[in-house]
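Small disclaimer: the values here were computed from a predicted structure and weren't measured. Numbers restart at 1 for each chain; the letters A, B, ... are given by sequence-line order, proteins then strands.
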2 protein chains.
Amino acid sequence: MLSIGKLSAATGVKVPTIRYYEQIGLLPEAERSAGNQRLYGPKAQERLGFIRHARDLGFPLEAIRELLSLSDRPDIPCAAADQIAKRQLAAVHARISRLQALQAELERMIVQCAHGRISDCRVIGVLGNHQLCLHDDHGEAGQG
Amino acid sequence: MLSIGKLSAATGVKVPTIRYYEQIGLLPEAERSAGNQRLYGPKAQERLGFIRHARDLGFPLEAIRELLSLSDRPDIPCAAADQIAKRQLAAVHARISRLQALQAELERMIVQCAHGRISDCRVIGVLGNHQLCLHDDHGEAGQG
DNA sequence: CTAGGTCCTCTAGCGACTAGAGCTTCAAGG
DNA sequence: CCTTGAAGCTCTAGTCGCTAGAGGACCTAG
């Protein structure tokens, strides 16, 4: 049985975060020692490892909750888990495209900076003027 | 003079967001009509356009605040603005690399999904098992 | 003059934590 | 056995960048 600190060290999840996960019901309520301190067995460690890993991959906690409830019933088809992963992949795709556009624009801004006065500076100029900008639409700002 | 609603329509920034920007001091306090409603001139519109644009590019509000304070003094050198843009670019680079690794892993998970039972499912399996995973370190999770 | 759309202020909520106050418990050393 | 200090506990509030809603005031078109 591990204390919360040892569990934290073992999984790389910070102590307050573990308590937070318990609070929102992502982890079951931990057993307690005589002195009311949390104790964790290997199952809890595994579950927390799963959560940690999924968070690393950018899954939101709600998706992880779903994934966990799925993995609690090993006899159902995995299409649902597949779907969740695909949704996550699509979100990641979108984020990458967006960031790449952004990167291009920042590079352009920096290259064009006259290194003179602010009034000549592209960094300020581009941001203040939609004409000088790569994305000139201003309808969608979707950021999953 | 535009009402807040017209300004919102003109810039694509939502009404409560405009009030929020005023509240945190990113926009100056607006003039008011006889009936206490906000009125905006072209300067405010320009400033809000700048903010909107910088937000689109992923600048945090604090960086925008800095940029704005820079552009309020057009006689100083633009090295500071340049620095901010470069800092942003570095952060964007890092985000992209991270997301690309993530994308690779998600694709691997999905491709390998056995389309069978949850118990065989890669999505669950990979998440529960560090051995099956590309990133096997678990120290940093830095996400800007 | 009325209807309803827009505006006002204020407060609370989102996700996913993080930080701090003020207390208790535990493990190691003397 | 006693002390010390690290680690644990609960609770609340803060972070970022908004967003939503309540409950009212105002403004404009018909």
Inset, instruction - Using side chain to side chain contact (heavy atoms under 4.5 Å, CB included) as the criterion, list what pairs up with A:L2, not counting sequence neighbours. - result: A:K6, A:L7, A:Q45
Inset, instruction - Go through the structure and list residues passing side chain to side chain contact (heavy atoms under 4.5 Å, CB included) with B:A44, not counting sequence neighbours. - result: B:Y40
Legend entry - Sugar-phosphate or base contact per nucleotide [nucleotides 12-22 of chain C; S, B, -; heavy atom under 4.0 Å]: ----BBS----
Legend entry - Per-nucleotide protein contact string for nucleotides 21-30 of chain D (B base, S sugar-phosphate only, - none; heavy atom under 4.0 Å): -----SS---
Inset, instruction - Return no unless some side-chain N or O of B:R19 is found under 4.0 Å from OP1 or OP2 of C:dC8. - result: yes
Inset, instruction - Could you tell me whether the phosphate oxygens of C:dT9, OP1 or OP2, come under 4.0 Å of any side-chain nitrogen or oxygen in B:R32? - result: yes
Keeping [X] on the side-chain end and [Y] on the backbone end, is there a donor-acceptor pair under 3.5 Å?
X     : Y     : answer
A:R55 : A:F59 : yes
B:R52 : B:G12 : yes
A:R47 : A:L26 : yes
B:T11 : B:G49 : no

Between [N] ([atom2]) and [X] ([atom1]): distance, integer Å:
X     : N      : atom1 : atom2 : answer
A:K6  : D:dG8  : NZ    : P     : 8 Å
B:R38 : C:dT9  : CZ    : C1'   : 9 Å
A:L7  : D:dC9  : CG    : P     : 11 Å
A:E22 : D:dC9  : CD    : C1'   : 12 Å
A:M1  : C:dC26 : CE    : P     : 15 Å
A:L39 : D:dA7  : CG    : P     : 17 Å
B:Y40 : C:dT6  : OH    : P     : 16 Å
B:I24 : D:dT19 : CD1   : C1'   : 14 Å

Legend entry - A:Q37: partners by side chain to side chain donor-acceptor pair (under 3.5 Å), with sequence neighbours left out: none
Inset, instruction - Sequence neighbours left out, what passes side chain to side chain donor-acceptor pair (under 3.5 Å) with B:R65? Give chain and number order. - result: B:E62
Legend entry - B:R38/B:E29 ion pair, N-O < 4.0 Å: no
